[in-house]
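Encoded as structure tokens, the structure appears first; notes follow it.
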Amino acid sequence: MRIYNTLSAEKEDFIPLEKDRVNMYVCGVTVYDHCHIGHARSAIVFDVIQRYLKYKGYNVRFVRNFTDIDDKIINRAKKDGIPWDEVARKYTDEFYNDMDRLGVARADMEPKATGHIKEIIDIVKGLIDKGYAYESEGSVYFSVDKFSGYGKLSKRDKEDMIAGARVEVDERKKDPMDFALWKASKEGEPFWESPWGKGRPGWHIECTAMSIKHLAESFDIHGGGADLIFPHHENEIAQSEAYTGKPFVKYWIHNGFITIDKEKMSKSLGNFFTIKEVLGKYDPEVVRFFLLATHYRSPIEFSDEQLKEAEVSIDRYYTTLIRISDFMTGSGGGEKTTGSQKAFEDAVNSFKEKIQAAMDDDFNTAFTLGHIFELIREANRFLDAKPSGQKAAELMLKTKGLLSEAGGVLNIFSRTPDEWRTALMRSKKIQMTEQDVLVKIKEREEARQKKDWAASDAIRKELDEKGIILEDKKDGTAWKIKAG
RNA sequence: GGCGGCGUACCCAAGUGGCAAGGGAGAGGUCUGCAAAACCUUUAUGCAUCGGUUCAAAUCCGAUCGCCGCCUCCA
């Protein structure tokens with residue numbers, strides 16, 4: 001398996017520190033507001049990575065934190081006139097609600113910064129003792145100059161950064177590049193007692209404390225959005241390696257952004273859609289598919305059109321599933337081989353290998369989806385040739401299993417076609433009930449018996465205008481929701 | 001200004017040295033009472049542009065143009 005490592009800036013063979021075991025830490029969210037679709041991308045990307053590692057047989061320990069104390073939370077609390085911890089609680093609940101809907105699994109450990117104040121203080125003390133940090137007016141800063149590897153993740157040196165000009169000016173720091181490990185609290189702000197007085201943790205230190213506590217001083221994978229590379233992850237490396245004297249993380253994985261009109265979606269630009277908004281228009285599976293149809297490191301332009309295409313693609317999957325089960329229930333008869341059987345068998349037999357090769361190559365979910373649709377095409381082609389008999393049934397059953405296994409890693413394609421149709425009815429806000437549709441189908445069937453094609457077509461048209469498509473089959477009329 | 005990334009068909013998007021995946025849209029066809037679905041054919045001798053290396057380049061190297069990100073809280 002190969003993974004692109006931000007630290008080395010190239011794809012590397014994945015060799016965990018401990019055989020068959022993967023320790024993985026992903027930066028979660030700061031709970032001060034609703035999550036937007038960019039947060040969804042990050043969560044889904046690492047959810048899939050975590051699922052695939054488990055699928056490969058690794059014993060994965062996956063930690064995803066919550067930042068539940070921070071300036072933004074304090075400001076939000078002031079603005080809303082509620083206690084800061086209520087803000088944190090509220091948006092933690094919102095996060096879970098969004099993630100559950102998106103099919104993002106819970107991590108094995110989901111620690112919070114405020115639950116690790118003691119560990120944080122111990123590390124800050126340790127860093128002061130080792131000479132990497134200093135106290136100033138009740139705050140503690142990390143001295144960037146003391147850590148020689150500073151900049152190795154974000155590939156920049158100190159001079160470059162200062163040349164960038166926008167470096168925070170703060171009288172209390174010895175050097176403008178230094179960052180806070182512990183922040184003295186102002187009047188009326190939440191605080192914890194510490195050797196340096198009342199205060200709260202800086203942003204970066206919580207991840208050091210929690211990853212060391214719940215994983216180890218050195219672990220395999222650390223992930224997050226690409227915007228965390230600097231300063232967050234760079235600072236994490238500095239303080240962690242200074243503290244332990246050991247390499248902090250072996251593989252750094254960062255996902256790309258979602259863009260709107262080519263610009264990064266962000267809170268500050270205001271060009272974002274919340275997860276809730278998007279899920280008001282599209283089924284969660286559609287959102288997941290849309291986000292996984294592009295490689296995790298590439299930017300994704302958020303687009304209604306692309307979301308609709310994702311919906312059409314998923315519909316193609318479930319439509320094929322219906323064809324397969326129609327075939328299974330109707331398949332009797334003698335063995336009948338067809339011309340397309342060989343190609344289909346090849347596709348079936350090579351499928352698993354292709355999927356794993358795609359995922360092994362830096363988690364290429366887009367390529368994986370390509371393979372899935374290749375198999376779908378072969379299955380449809382095979383069915384078009386009207387095969388029959390035991391051998392054909394076995395092949396179809398195997399196909400169904402393979403598709404479901406691949407879908408399982410991505411956590412899509414896990415519903416029944418009926419559930420998908422119901423989900424589409426909901427997300428497209430179709431006004432008719434299933435019962436209404438069945439009544440119309442019956443009416444039309446009667447017209448068709450009488451060969452009253454005008455009446456029959458009128459009903460088809462009427463339903464079509466409501467987004468419902470009728471399909472006449474040998475044993476009756478089926479219906480589906482128009483996707484896209 | 002420094003550092004990094006991207007540019008593949010009408011749209012989206014894989015592919016990082018060996019015949020250009022996949023999805024959508026378009027056109028034609030098979031099937032159908034008509035449809036839908038599905039399948040078949042078709043749509044890049046071409047991968048921003050110009051050079052170079054190589055038996056072989058979308059892929060490696062150099063230059064140019066365009067777009068974006070990070071350097072400040074950010075997924």
Side-chain angles (χ1 to χ4, degrees), chain A residues 6 9 11 26-30 32 35-46 70-72 75 151 154-157 159-168 203 223-232 234 254-259 262-269 272 289-290 293-295 297-301 303 305-306 308-316 319-320 322-323 340 354 358 361 364-385 448 451-454 456-457 460-461 464 469-473 477-480 482 484:
Chain A
T6 308
K11 277 189 205 169
V26 173
C27 287
V29 292
T30 300
Y32 76 105
C35 288
H36 61 62
I37 199 74
H39 297 102
R41 183 180 193 189
S42 190
I44 288 170
V45 161
F46 290 102
D70 159 279
D71 288 347
K72 291 195 291 292
N75 292 337
S154 54
K155 314 279 180 275
R156 64 192 80 198
D157 60 48
E159 310 312 316
D160 292 340
M161 289 184 263
I162 289 167
R166 284 186 297 187
V167 179
E168 186 188 347
W203 174 33
D227 45 6
L228 297 182
I229 295 171
F230 190 90
H232 186 52
E234 194 68 62
H254 294 96
N255 64 273
F257 304 125
I258 292 186
T259 60
K262 301 264 184 187
E263 274 190 319
K264 179 187 169 187
M265 180 184 286
S266 75
K267 283 279 169 63
S268 42
L269 285 172
F272 61 89
F289 185 101
F290 165 70
T294 300
H295 184 84
R297 280 188 284 118
S298 303
I300 298 181
E301 173 73 11
S303 119
E305 196 189 335
Q306 294 304 316
K308 283 182 182 148
E309 285 181 12
E311 190 173 276
V312 170
S313 293
I314 295 170
D315 196 62
R316 177 167 161 79
T319 299
T320 304
I322 292 171
R323 282 197 81 189
S340 58
K354 283 184 184 165
D361 186 12
N364 196 331
T365 55
F367 201 21
T368 299
L369 288 170
H371 292 314
I372 287 174
F373 283 100
E374 248 172 355
L375 182 59
I376 283 176
R377 193 188 56 231
E378 287 304 333
N380 276 315
R381 199 216 296 254
F382 179 64
L383 288 173
D384 273 3
R448 290 183 77 213
K451 295 206 188 306
D452 183 353
W453 305 127
S456 161
D457 289 350
R460 181 196 288 290
K461 188 157 180 278
D464 184 77
I469 293 170
L470 298 182
E471 291 184 12
D472 294 325
K473 300 186 188 184
T477 299
W479 61 283
K480 57 186 285 188
K482 207 190 290 175

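Below, each value reflects all heavy atoms present in this structure, side chains not excepted, and no hydrogens, waters or symmetry copies.
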Quick check for you: among [options], whose closest atom lies nearest to any side-chain atom of [X]?
| X | options | result |
| --- | --- | --- |
| Arg156(A) | A75(B), A35(B), C71(B) | C71(B) |
| Asn255(A) | A14(B), A75(B), C40(B) | A75(B) |
| Gln306(A) | G22(B), A38(B), C12(B) | C12(B) |
| Lys72(A) | G24(B), A21(B), C73(B) | C73(B) |
| Lys155(A) | A75(B), A14(B), C3(B) | C3(B) |
| Arg377(A) | A14(B), A75(B), C39(B) | C39(B) |
| His36(A) | G33(B), C11(B), A75(B) | A75(B) |
| Arg381(A) | A14(B), C39(B), C73(B) | C39(B) |

Base [N] to side chain [X], donor-acceptor N/O within 3.5 Å cut-off:
| X | N | value |
| --- | --- | --- |
| Glu309(A) | G23(B) | yes |
| Arg448(A) | G33(B) | yes |
| Arg460(A) | A35(B) | yes |
| Asp457(A) | G33(B) | yes |
| Asp71(A) | C73(B) | no |

Could you pick out which residue, Thr319(A) or Ser268(A), lies toward the 5' side of RNA chain B when each is mapped onto its nearest nucleotide?
Thr319(A)

Between [Y] and [X], is the closest basic N to carboxylate O distance under 4.0 Å?
| X | Y | value |
| --- | --- | --- |
| Arg448(A) | Asp457(A) | no |
| Lys482(A) | Asp315(A) | no |
| Arg460(A) | Asp472(A) | yes |
| Arg381(A) | Glu378(A) | yes |

Which distance, rounded to the nearest 0.5 Å, do you find between the CD of Glu309(A) and the OG of Ser303(A)?
7.5 Å

Do Arg156(A) and Phe230(A) meet the cation-pi criteria used here (NZ or CZ under 6.0 Å from the six-membered ring centre, within 45° of the axis)?
yes

For [X] and [N], what is the distance between atoms [atom1] and [atom2] respectively, to the nearest whole Å?
| X | N | atom1 | atom2 | result |
| --- | --- | --- | --- | --- |
| Leu470(A) | A37(B) | CG | C1' | 13 Å |
| Leu375(A) | G23(B) | CG | P | 12 Å |
| Leu383(A) | C39(B) | CG | P | 10 Å |
| Ile469(A) | A38(B) | CD1 | P | 10 Å |
| His232(A) | G69(B) | NE2 | P | 22 Å |
| Lys354(A) | G15(B) | NZ | P | 16 Å |
| Ile372(A) | A14(B) | CD1 | P | 15 Å |
| Glu305(A) | G24(B) | CD | P | 13 Å |

What is the ring orientation for Phe373(A) with Phe289(A), classed by angle as parallel under 30°, tilted 30 to 60°, or perpendicular over 60°?
perpendicular

If the cut-off is 4.0 Å, is [X] near the phosphate of [N], judged by side-chain N/O to OP1 or OP2?
| X | N | answer |
| --- | --- | --- |
| Asn380(A) | A37(B) | no |
| Lys264(A) | A75(B) | no |
| Arg316(A) | C39(B) | yes |

Determine the contact category for Ile322(A): base if any of its heavy atoms lies under 4.0 Å from a base atom, sugar-phosphate if only primed atoms, P, OP1 or OP2 are that close, otherwise nothing.
nothing

Using a 5.5 Å cut-off between ring centres and planes within 30 degrees, is Phe367(A) stacked on the base of G15(B)?
no

